[in-house]
There are 2 protein chains.
Amino acid sequence: MAVVSTTTPAAGSRDLPHPVRDDIRLEGVLHAFSDPMRLSIVRELAADGDELSCSHFDLPVTKSTTTHHFRVLREAGVIRQVYRGTAKMNGLRRDDLDDLFPGLLDTLLTAAARQSRRLGDG
Amino acid sequence: MAVVSTTTPAAGSRDLPHPVRDDIRLEGVLHAFSDPMRLSIVRELAADGDELSCSHFDLPVTKSTTTHHFRVLREAGVIRQVYRGTAKMNGLRRDDLDDLFPGLLDTLLTAAARQSRRLGDG
DNA sequence: CACGTACTACGATGCCTATCGTACGAACCG
DNA sequence: CGGTTCGTACGATAGGCATCGTAGTACGTG
């Protein structure tokens, strides 16, 4: 323990708006997944299984654009974002998504992996 | 046989461009599904199981907009369109989609139905 | 051929969005 | 405090897209 109270006093100072579980819409989730950049972000998050900082991702776009994509994912309810020090950690909202749309996340990830393999870039 | 040659001589006169199976992209499919209008079209097509004419659908938009949505669905590889007389018949490309992304179509349809029930409009 | 039906094509409109660059804020390190 | 790293905010831009209305084409029927 003592992680939050001592080393990260700033955690929670800047907080980000997330949609409540029941406000998550399928259309929004699918729209979030329909961008190649965001799809790769989600795949990497799922592959790692834990939280990853924004800077961990090496996307072929500028940092402002990266910020934009993470915001779209958060507002669609796909990821959960939390500040930890200067870093912003990102994690999949697997629990909520599985609850709302059982099997959807895994099916999408499988489909993405399959296509990646088929196109020869995975 | 003799279906094409006798009863539908016009079938094939005006032909519509469809993507080949291997050109279907997950992002495109998800984008097609991310519009409420198109989502309801696909749900109805799946519920019926067979081909339906464009005019069968009673959407809260004009006919030009309806045409637009059907084209998006076709170009994404979600549906197959064929002229039969003056009518344009629409059918899901279930075979190709299941081949490329096993389980995706059913999972999406289930998720859509579930959300519809949850929101109380299904 | 004339008419009705089914769908299209085209142009317009207004909104959304992916992208960038620059300037800024917040936290950590020395 | 000064510098560095991480991420944001804002404005600009260019392209995409959902929508409409009108005019037009293809087909079937009488």
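Residue numbers start from 1 in every chain, and the chains themselves are labelled A, B, ... in the order their sequence lines are given, proteins ahead of strands. Being a predicted model, the structure only gives us computed values, none of them experimental.
Spacing between atom NZ of B/Lys63 and atom P of D/dG21 amounts to 13 Å, rounded to whole angstrom units. Between the CE atom of A/Met89 and the P atom of C/dA27 there is a distance of 16 Å, rounded to whole Å. A straight line from CZ of B/Phe70 to P of C/dA6 spans 14 Å, rounded to a whole angstrom. We find that CD of B/Glu27 is positioned 13 Å from P of C/dA18, with the value rounded to whole Å. Here D/dC6 presents its C1' atom at 16 Å from CZ of A/Arg71, a figure rounded to the nearest Å. As rounded to whole Å, 12 Å separates atom P of C/dC7 from atom CD1 of B/Ile79. Summarising the geometry, the separation between CG on B/Leu73 and P on D/dC17 is reported as 13 Å, rounded to the nearest angstrom. One atom, NE2 of A/His56, and another, P of D/dT5, lie 18 Å apart when rounded to the nearest Å.
Checking the phosphate oxygens (OP1, OP2) of C/dA18, a side-chain nitrogen or oxygen of A/Arg38 falls inside 4.0 Å. Listed pair B/His69 / D/dC17 fails the phosphate criterion, with no side-chain N or O lying under 4.0 Å from OP1 or OP2. For A/His68, no side-chain nitrogen or oxygen approaches OP1 or OP2 of D/dA9 to under 4.0 Å. Within the structure, a side-chain polar atom (N or O) of A/Thr65 is placed less than 4.0 Å from OP1 or OP2 of C/dC20.
B/Ser55 comes within contact range of the sugar-phosphate backbone alone, with a heavy-atom separation under 4.0 Å but no base atom that close. As judged by a 4.0 angstrom heavy-atom cut-off over every strand, A/His31 is placed among residues touching the sugar-phosphate backbone only.
When distances are taken from the side chain of B/Val72 to each of D/dC20, D/dG7, D/dA18, the shortest belongs to D/dA18.
The residue among B/Thr86 and A/Asp35 whose nearest nucleotide of DNA chain C is located toward the 5' end is B/Thr86.
Shown are B/Arg80, B/Arg21, B/His18; of these, the side-chain hydrogen bond (donor to acceptor under 3.5 Å, both in side chains) with B/Asp96 is made only by B/Arg80.
Atoms CG and CZ, on A/Leu26 and B/Phe33 in that order, are 9.0 Å from each other to the nearest 0.5 Å. Taken to the nearest 0.5 Å, the CG atom of B/Asp106 stands 6.0 Å off from the CG atom of B/Asp98. Separation of atoms NE2 (B/His69) and CG (B/Asp35) is listed at 4.5 Å; rounding is to 0.5 Å.
Between the side chain of A/Ser64 and the base of C/dG21 there is at least one donor-acceptor pair of N/O atoms closer than 3.5 Å.
At a threshold of 4.5 Å between non-hydrogen side-chain atoms, the residues B/Ser55 and B/Lys63 do not count as touching.
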